[in-house]
There are 2 protein chains.
Amino acid sequence: MTAIQKQRPPVMADVAKEAGVSHQTVSRVLNDHPNVRGDTRARVLEAIDKLGYRRNLVARALVTRHSRTLGVVSFDTTLYGPASTVYGIEQAARAAGYFVSIVSLTSIDKAGVRDALDYLADQGVDGIVVVAPQRSAAEALADLPVGVPAVAVEGGQAGDVAVVCVDQVEGGRLATEHLLSLGHETVWHVRGPSDWLEAEGRVAGWRAALARAGRAAPEPLAGDWSPRSGYEAGRGLARMADVTAVFVANDQMALGVLRAFAEQGVKVPEQVSVVGFDDIPESEFFSPPLTTVRQDFGAVGRHSIGVLLRQIEADGPREPERLVVPPTFVPRVSTARR
Amino acid sequence: MTAIQKQRPPVMADVAKEAGVSHQTVSRVLNDHPNVRGDTRARVLEAIDKLGYRRNLVARALVTRHSRTLGVVSFDTTLYGPASTVYGIEQAARAAGYFVSIVSLTSIDKAGVRDALDYLADQGVDGIVVVAPQRSAAEALADLPVGVPAVAVEGGQAGDVAVVCVDQVEGGRLATEHLLSLGHETVWHVRGPSDWLEAEGRVAGWRAALARAGRAAPEPLAGDWSPRSGYEAGRGLARMADVTAVFVANDQMALGVLRAFAEQGVKVPEQVSVVGFDDIPESEFFSPPLTTVRQDFGAVGRHSIGVLLRQIEADGPREPERLVVPPTFVPRVSTARR
DNA sequence: GGGATGACTGTGAACGTTAACAACAGGTCC
DNA sequence: GGACCTGTTGTTAACGTTCACAGTCATCCC
């Protein structure tokens, strides 16, 4: 004869009945509306506590048209760079009271990015962060679902979308100038894939530094960010007699280069100096510890959320921001005076 | 005198009017309900296309009580292991038509995990995956919001929650037996932090292998997964004359150990053999290339989603599954016969 | 004393979808 | 020819919240 236990969690109306007020008053308490009497508020809070009430965010999102969820599109979150950026984004978003919904792409094509954007827009996210280091991804941003605030991370000049990025050109310049300042005649380069904007930026910085010093730029060697591709480039470099300095576009490839040199009996830094890029946690313990250029991924993540939230809070369209985070040079022992 | 452009995107009723049917028929078309006449369906689809209608998933979630979103709680997604696992989870979830909402914890405490679980439950996720390699995280799972299907990854015996994990004990055993089979008298161990279940499992496997061979187990050296901690342990080991074989609980620490040995002039594998754990992409290019134990993080991610979806689809409570993924031994050149 | 003001609370209607049920047409069966 | 099904469509009512508005009461000021 006992009443049937209700399976469903309590709703606002249940709390209202328990506290002897209207559901609207419960809503006011929950939303910190000022005009609620102290004892009423207390009674409502007590009822909430007693019933174990939790507000239904889905219903709330339906009426407010805000989900307090941010979408993140990224590519291969297994890589240190993207993983760190996404981590920074997630931390910053949560600190600001937002959820983060993530889509990790496996393929790099424009269609994939568009699908991901549609997917997130369908879900009703309030804004989207696209970690789009490839040219193709950046292009897909151009036809973003209208009205959804967005920011591109490492996105180059992507239409009228706001951008947060690390100054890759400056990074390439720092690495190359360091090597030139050590007395090397020229600097070789193992570059990243050509559709990655970061790779292009580092190449540009390297070229600029060489040009400024009046040195010829050798043909860069192609890599795909993986240690293996660095290893293969390294084998090629080890065979050339005139190579004394190499700027490698990321630390993982630099590891491969170091390995190839070690196998060929080329001593680093005595015979050849090597500079990497990223400053992954491992770099300090390579043989030898790697001189590199650090990117502050945490700052990138925080800034991108900052830019995005400013866009969300501003009602009207605002002119797209562009925020550049400077890289820092990290000297270790893989480079030496010629 | 022109009509005011409506700012708001079209809703189902707009499509219905355009197609000359009721909104319910539109709903039926969208949900692939069988009883819709072919030409009616075509007319509706045409109207959807014309208006650029997109279904509002928030409204849908409110009435169906399913958000088609899965929550993921993880710890430090910058580390290779968690990042790879989360990546696998995300891929598998999306393939099954689910969104993924991620919370990355910075602190490891029980309260943090509980907050994250509450946070996700509030958002109305259909299920939760907790990548909980620490004991404290596993414990927090015990008082999970009731009624939310959940699975723990690397979670040990966590109350009555389903678990997917890699057989860490087996992995530790594989590494140690390999070293013993090469003729080493005993095997030293650089272990992970004591509140990590994975660290405990590897220690247990190591101990078991030594015990089975009738060898004494030296006191394990403490590490925190970082290359630096491995480096420090390595400096200690390099000073001891009788060390000929070391099993290091992850590849990053193994890198630190290799570095320390190199600095002290200890040759690997000629004087000391080293085995790591994880098989990160870099391991193959360490100096020397690292013999290690691979964990298939992709499989772990896929399995965890499989287990979770089975739980979601089964209405009633089902007995918690337990799925163990075997590790594989990866021989390279950092180990040699004594 | 009476109107204005302000603090507090309640009522009804959204939000955009799916679920439940009703209605209707056309066919089948005896 | 009527009862009965079956396929197709429409109508109405949820889902659980917030918003807009309308009350009610006490206070204040001239």
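A note on names: the letters A, B, ... follow the listed sequences, proteins ahead of strands, and every chain is numbered from 1.
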At 4.0 Å (heavy atoms only), tell me whether A:V58 reaches a base, stays on the sugar-phosphate, or touches nothing.
nothing
A:P10 to A:L51 - nearest heavy-atom pair and separation:
CG-O, 3.4 Å
Roughly, in whole Å, what's the span from CD1 in A:I48 to C1' in D:dG16?
14 Å
What's A:R55 touching, base or sugar-phosphate or nothing? Going by heavy atoms closer than 4.0 Å.
sugar-phosphate
Spacing between A:Q24 atom CD and C:dC8 atom C1', to the nearest angstrom
12 Å
Report yes or no: is there a donor-acceptor pair, N or O only, under 3.5 Å between the side chain of B:R28 and the base of D:dG10?
yes
Of the listed nucleotides (D:dG16, C:dT18, D:dG10), which one gets closest to any side-chain atom of B:T25?
D:dG10
Remember a base hit wins even if backbone is also touched, and classify A:N56 as base, sugar-phosphate or nothing at under 4.0 Å, heavy atoms.
sugar-phosphate
For A:H23 and C:dG10, what is the distance between atoms NE2 and P respectively, to the nearest whole Å?
9 Å
How long is the line joining NZ of A:K17 and P of D:dG16, in whole Å?
14 Å
Which part of the nucleic acid, if any, lies within contact of A:V36, taking any heavy atom under 4.0 Å across all strands shown: a base, the sugar-phosphate backbone alone, or nothing?
sugar-phosphate
Report the nucleotide, chosen from D:dT17, C:dC15, C:dT17, that has the shortest atom-to-atom distance to any side-chain atom of A:A59.
D:dT17
